[in-house]
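In this chain, residues are counted from 1 in sequence order. No experiment lies behind these values; they were computed from the predicted model shown. Counting starts at 1 for both ligands and their atoms, in listed order.
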Amino acid sequence: MKILTILGARPQFIKASALSRIIAQYNQSNQHEMINEVIVHSGQHFDSNMSDVFFEQLGIPKPNHHLGVSGVGHGVMTGRMLEKLESVTQMEMPDWVLVYGDTNTTLAGALVAAKLHIPLIHVEAGLRSNNLAMPEEVNRVLTDRISTVLFCPTQGAINNLKAEGYPFFCTGRELQNIHNVGDVMLDVIQHYSDEVHDKIDLSRWKVSEREYVLCTLHRAENTNDESRMRGILSALQQISKKWRVIMPLHPRTRKVIDKTIGGDFLKGLNIVDPVPYLEMQRLEMSAHTILTDSGGMQKEAFFHDVPCITLRDETEWVETVELGWNVLAGAYSERILAALDSVKCPDTKADYPYGRGDAAEKIIQQILDLK
Ligand code: UDP
């Protein structure tokens with residue numbers, strides 16, 4: 001069986017590592033049919049600290065194809081990816097195309113599969129912010145609609161799909177397959193948790209347990225809006241008077257700050273380049289609080305039992321908010337500061353809303369069963 005995995009952005013490398021590992025295990029233990037995973041990297045994230053380091057650290061097989069599409073706007077990026085992905089997919093003629101999440105790479109991969117009538121697997125299906133101004137929301141809604149198999153991370157994602165009338169017919173008379181398998185990012189956290197503890201020492205950032213807050217910021221709804229950026233950065237300035245603020249800065253955010261906001265807004269903050277996955281988990285698990293507009297980090301905060309303040313007006317990861325581990329503060333200074341003053345760790349975590357860390361195994365088993 002041949003699976004063409006199409007990826008291109010940091011969170012996709014992390015998610016893909018879980019499946020690649022299970023595929024390798026399956027191939028080692030199985031005497032019969034092998035799963036041949038062919039990886040296509042679109043190039044969407046290309047800096048070595050946003051891409052190569054994840055392949056190396058997480059043992060993801062080197063991509064078989066690299067499309068080199070990056071550094072252009074949404075339309076051009078998606079168009080170039082479509083053109084290049086179509087020829088790679090025609091050449092490989094896989095049994096399945098597999099895409100992750102909600103980036104332009106996800107949408108381009110999904111469209112190519114649908115047009116070539118190749119069954120499409122969407123991992124992390126069914127999430128909704130219900131805000132179509134987010135490029136990610138457009139990508140995920142469209143990808144879900146043309147997927148053959150939708151692997152959802154939560155019951156909430158399944159409910160979202162049901163509310164929209166899913167399942168639809170995907171090919172001929174066949175209905176889409178929809179499964180709640182849990183979140184593949186939990187698989188990755190669990191797999192590396194001992195290594196993170198044993199190998200990565202907090203002292204390299206000159207901080208101690210719970211004595212700093214960790215912040216990441218990169219969503220277009222923030223970086224493309226000067227007043228939101230100013231609101232968030234002013235709050236961080238205030239926070240830095242009391243706490244060390246460690247901020248691994250996304251390349252897009254750095255560009256925006258250099259161009260429009262000005263570096264003065266970063267004074268007092270501990271700005272570092274994007275860090276590799278294991279280092280990031282170390283920083284997350286020992287933080288007092290995580291402030292972020294990242295989807296993945298909201299969940300990781302929850303997995304590490306660290307309170308989170310989300311710098312957005314809505315979230316797809318509603319369980320973290322419902323269970324009291326995450327507060328939506330938007331981009332308003334006062335709300336962010338008030339949230340930091342009041343955050344605490346709830347007593348309970350409830351019933352595994354993101355599964356038990358075996359999502360990748362479930363996904364591969366389902367694909368084998370569907371064959
Ligand atoms: N991450 C990382 N290094 C960093 C920042 C983030 O390894 O400097 C990881 C983080 O732990 C999480 C993932 O990248 O696993 C989240 O990716 P990102 O925030 O880029 O995307 P999103 O989850 O918002 O789609």
Taking side chain as C-beta onward, heavy atoms only, is V40 less than 4.5 Å from L4?
-> yes

Give me the nearest non-hydrogen protein atom to [atom] as residue plus atom name, then the distance to 0.1 Å.
atom	value
atom 19 (O) of ligand 1	S294 OG, 2.7 Å
atom 13 (C) of ligand 1	I14 CD1, 3.6 Å
atom 5 (C) of ligand 1	R10 NH1, 3.2 Å
atom 10 (C) of ligand 1	E300 OE1, 3.3 Å
atom 23 (O) of ligand 1	G296 N, 2.7 Å
atom 1 (N) of ligand 1	M280 CG, 3.7 Å
atom 21 (O) of ligand 1	P11 CG, 3.4 Å

With a heavy-atom distance limit of 4.0 Å, tell me whether [X] approaches ligand 1 through its side chain, its backbone, both, or neither.
X	result
H218	side chain
V275	both
Q281	side chain

Members besides M134 in its Ile/Leu/Val/Met/Phe/Trp/Tyr cluster (side-chain heavy atoms under 4.5 Å) | none

Which of these, L67, V69, N104, V72, sits in a side chain to side chain contact (heavy atoms under 4.5 Å, CB included) with Q44?
-> N104

Donor-acceptor pair between Q12 and T106 side chains, under 3.5 angstrom | yes

Donor-acceptor pair, side chain of H179 and main chain of V181, under 3.5 angstrom | no

